[in-house]
Amino acid sequence: MEYRELHAWDLTYQQARELQTELRKKLIFRAPERDFQIVAGADVAYDKPTQRVFAAIVTVDLGIMKVLEEACAFARGKFPYIPGLLTFREAPTLLEAWKRLSVRPEVLICDGQGYAHPRRFGLACHVGMLVDLPTIGCAKTRLIGEYESPRLRRGEFSPLREGGEQIGAVLRTQDRVKPLFISQGYKISLDQALEVVLRAARRYRLPEPVRLAHQRVSRMKREFSRNPKL
DNA sequence: GCGACAG
DNA sequence: ATCTTGTCGC
């Protein structure tokens, strides 16, 4: 799959933050027009010792709950993890995996924040804009914002807000399970983002495409550090 | 200066 | 994210 090269990735921390503030102005949260069925999930794993980044995108047909395709990539990690700048550490490798996809998903769920970001431009927003596809920010923990714990039933959620603005929602995907932090990525409303994540989280805490992508990168890393190691 | 801080 | 096995429970 193709994507637009809107900018370089070898930036200073300051330039990276400025880029986010700049690109944020072009964010679009178009209203939903159809029910997404071809849903992809993206995740990344790191190998501390070799400084490698492993990325995977798994596409699932929610209608029949079957994997349609999966693409992987790995590279040498260059950018460090800095809260608010996660995109610059993960996106380059994630985009490599994206290139290897042959079927265009209808929506992509990213493991990280979307709009719920200091500059309102988290990983999901950034990736969505580059691949021009609706994306959803689906993080396991909070980056910013305040919230009340949602009720303990699957499907319950509460607003995530900062400074009088709602920036996302905290969603319980299974009874009594720790909630996920959902926010708009690109070309999608928060309502539809919640709907998609809940519908994709059939049996586990994480939506199936993301869960599978996580298993994939974990296996990649395991097999890599065990063999040729180069 | 102090505390917070996606993965 | 990662360091790490078994174990208690639905």
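Computed from a prediction, not measured in an experiment: that's the story for all the values here.
Tested against A:Tyr115, the residues A:Phe121, A:Tyr186, A:Phe29 include a single ring-ring contact (aromatic ring centres under 6.0 Å, His included) partner, A:Phe29.
A:His117 and A:His126 have their aromatic ring centers separated by at least 6.0 angstrom. Checked against the 6.0 Å centroid threshold, A:Phe54 and A:Tyr46 do not count as a close aromatic pair. A centroid separation of 6.0 Å or more is found between the aromatic rings of A:Tyr81 and A:Phe88.
Of all heavy-atom pairs spanning A:Ala16 and A:Leu85, the tightest one is CB-CD2, 3.9 Å. Closest of all the heavy-atom pairs between A:Gln113 and A:Ala139 is NE2-CB, 3.2 Å.
In this structure, A:Asp111 pairs ionically with A:Lys140, as a charged nitrogen and a carboxylate oxygen lie closer than 4.0 Å. A:Arg4 and A:Asp132 are joined by a salt bridge, as a carboxylate oxygen and a charged side-chain nitrogen come within less than 4.0 angstrom of each other. Salt bridge status for A:Asp175 with A:Arg154: absent, with no side-chain N to carboxylate O gap under 4.0 Å.
Judged as a salt bridge (charged side-chain N to carboxylate O under 4.0 Å, His left out), not a single pair has a partner in residues 85-94 of chain A (not counting sequence neighbours).
Scanning DNA chain B for stems, defined as runs of 3 or more consecutive Watson-Crick or G-U wobble pairs whose donor-acceptor distances all fall under 3.5 Å, gives no such range.
Distance CD/A:Glu223 to NZ/A:Lys221: 13.0 Å, rounded to 0.5 Å.
Base contact: A:Leu123 has a heavy atom under 4.0 Å from a base atom. Residue contacts shown for A:Gly84 include a base, since a base heavy atom lies under 4.0 Å away. A:Leu85 comes within 4.0 angstrom of a base, heavy atoms only.
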Legend entry - Dot-bracket pairing map - DNA chain C, Watson-Crick plus G-U, both contacts under 3.5 Å, | cross-strand: ..........

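Side-chain N/O atoms of A:Arg119 and A:Gln20 include a donor and acceptor closer than 3.5 Å.
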Give each protein N/O atom lying under 3.5 Å from an N/O atom of nucleotides 1-3 of chain C, with the pair distance.
| unit_1 | atom_1 | unit_2 | atom_2 | d |
| --- | --- | --- | --- | --- |
| C:dA1 | OP2 | A:Lys140 | NZ | 3.1 |
| C:dT2 | OP1 | A:Lys221 | NZ | 3.2 |

What does the list of N/O pairs under 3.5 Å between the protein and nucleotides 8-10 of chain C look like, with a distance for each?
none

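Contact footprint of chain A on DNA chain B: nucleotides with an atom under 4.0 Å from a non-hydrogen protein atom, first to last in 5' to 3' order, B:dA4 to B:dG7.
Checked by atom type and distance alone, the side chain of A:Gln37 never pairs as donor or acceptor with a backbone atom of A:Asp61 at under 3.5 Å.
Geometrically, A:Arg142 does not engage A:Phe181 in a cation-pi contact, judged by NZ or CZ lying under 6.0 Å from the ring centre and within 45° of the ring axis.
The shortest side-chain heavy-atom distance between A:Ile136 and A:Val197 falls under the 4.5 Å cut-off.
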